[in-house]
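A, B, ... follow the sequence lines: proteins, then strands. Residue 1 opens every chain. Side chains are part of it too, since the values below use all heavy atoms of this structure and drop only hydrogens, waters and symmetry mates.
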Protein chains: 2
Amino acid sequence: MKLELTKTCYKFFSMMANPTRIAVLENLRRSPMSVKQLAEALQQEQSMVSHNLSPLVRCRFINVERKGKKRIYSLNSETIEALFSIVENHSRKYCPTMGHCIGRRGR
Amino acid sequence: MKLELTKTCYKFFSMMANPTRIAVLENLRRSPMSVKQLAEALQQEQSMVSHNLSPLVRCRFINVERKGKKRIYSLNSETIEALFSIVENHSRKYCPTMGHCIGRRGR
DNA sequence: TTTTCATATGAATGATATTTCATATGTTTT
DNA sequence: AAAACATATGAAATATCATTCATATGAAAA
């Protein structure tokens with residue numbers, strides 16, 4: 001029961017611990033987008049974007065919906081917005097001095 | 001300004017994306033502990049626990065305090081409890097079916 | 001029904017992070 | 001000041017994850 005939570009958290013945070021996936025989530029905050037739109041916005045290959053989208057869907061961090069030949073991805077705001085706001089709060093409150101913390105170019 | 005947030009989130013979540021560090025945080029929820037106590041609780045080598053404690057301190061996810069030859073580590077509850085509760089909420093609400101999501105033994 | 005467009009997927013390569021072991025530092029006790 | 005204890009740290013070995021490229025699938029347009 002305790003190990004379960006550790007495992008769950010580990011999967012959860014591993015999913016978030018990737019710059020491409022984070023950038024995807026940030027873009028989807030604004031509005032739902034197709035794979036192509038995301039690839040353009042992130043300046044990344046379509047293949048790479050797709051590779052990162054599927055695990056995000058599996059974890060229900062985002063949702064998909066077919067629209068013709070496109071697939072439109074949208075955010076699970078409840079979880080993701082809450083996460084972002086914790087990060088912002090932490091970095092504002094606990095990492096005010098650059099270079100020694102999460103905030104900016106540390107370690 | 002946008003790239004900054006991505007970077008910040010990436011560091012933040014990478015810090016959380018490790019089973020040893022998560023287990024440390026979960027143990028510190030109960031009460032502050034020394035390195036040795038943590039090593040015993042996690043059944044891990046002292047060296048490994050130490051290696052994981054320092055980045056957690058740097059990021060201010062935990063705090064240290066000297067007490068004789070020991071060092072007592074304690075949780076930054078504001079940030080960490082909030083995080084855990086998001087994970088619990090997400091896994092309860094969005095991953096009810098085992099095996100396909102974050103919740104349990106999926107991928 | 002062939003071509004085109006949007007997206008997905010497998011497998012190899014390359015990059016990063018974790019683990020372990022040996023040893024160093026620093027504090028207290030004798 | 002030597003011994004003992006608690007913790008930290010460096011570097012090598014290993015494991016894990018991301019990226020890329022080639023190709024597959026599937027829907028719509030011609």
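The side chain of Lys70(A) has dT7(C) as its nearest neighbour among dT19(C), dT7(C), dA8(D). Comparing dT7(D), dT20(D), dG26(C) against the side chain of Arg66(B) picks out dG26(C) as the nearest. Counting only heavy atoms from C-beta on, Lys36(A) has its side chain closest to dA6(C) among dA6(C), dT20(D), dA18(D).
In this structure, Tyr73(B) atom OH and dA6(D) atom C1' are separated by 11 Å, rounded to whole Å. Atom pair Met48(B):CE and dC21(C):C1' shows a separation of 14 Å (rounding to whole Å applied). Rounding to whole angstrom units, CE of residue Met16(A) and P of dC17(D) are separated by 17 Å. In this structure, Glu45(B) places its CD atom 15 Å from P of dT23(C), rounding to the nearest Å. Summarising the geometry, the separation between CG on Leu38(B) and C1' on dA8(D) is reported as 15 Å, rounded to the nearest angstrom. Atom CD in Glu40(B) sits roughly 14 Å away from atom C1' in dT7(D) (whole-Å rounding). Rounded to whole Å, atom C1' of dA18(D) lies 11 Å from atom CD of Gln44(A). Met33(A) has its CE atom 17 Å from the C1' atom of dA6(C), to the nearest Å.
Residue Ser14(B) is out of contact with every strand shown, counting any heavy-atom pair closer than 4.0 Å.
In this model, no donor atom of one side chain and acceptor atom of the other lie less than 3.5 Å apart for Ser74(A) and Glu65(A). Looking at Asn89(A) and Glu78(B), their side chains do bring a donor and an acceptor atom within 3.5 Å of each other.
Looking at Gln46(B), its side chain comes within 3.5 Å of the base of dA8(D) through a donor and an acceptor atom. Evaluation of atom-type donor-acceptor distances gives a pair under 3.5 Å for the side chain of Ser47(B) against the base of dT9(D).
Between dC17(D) and Tyr10(A), a contact under 4.0 Å exists linking OP1 or OP2 to a side-chain N or O. Side-chain N/O atoms of Thr20(B) include none lying less than 4.0 angstrom from OP1 or OP2 on dT18(C). Listed pair Asn18(A) / dA18(D) meets the phosphate criterion, a side-chain N or O lying under 4.0 Å from OP1 or OP2. For dA6(C), the OP1/OP2 oxygens have no side-chain nitrogen or oxygen of Arg71(A) closer than 4.0 Å. Contact annotation: Arg21(A) side-chain N/O to dA18(D) OP1/OP2 distance is under 4.0 Å. Residue Lys69(A) places no side-chain N or O under 4.0 Å from the OP1 or OP2 atom of dC5(C).
Closest-nucleotide positions on DNA chain C for Ala17(B) and Leu53(A) were compared, and the one nearer the 5' end corresponds to Leu53(A).
Ile86(A) places a side-chain heavy atom less than 4.5 Å from the side chain of Phe12(B). At a threshold of 4.5 Å between non-hydrogen side-chain atoms, the residues Ile80(A) and Arg29(A) do not count as touching. When side chains are defined from C-beta on, Lys36(B) does not count as touching Gln46(B), because their heavy atoms never get closer than 4.5 Å.
In plain terms, the two heavy atoms of Val35(B) and Ser50(B) that are nearest each other are CG1-OG, 3.8 Å.
The side-chain ring of His51(B) is not stacked on the base of dT18(C), judged by centre separation under 5.5 angstrom and plane angle under 30 degrees.
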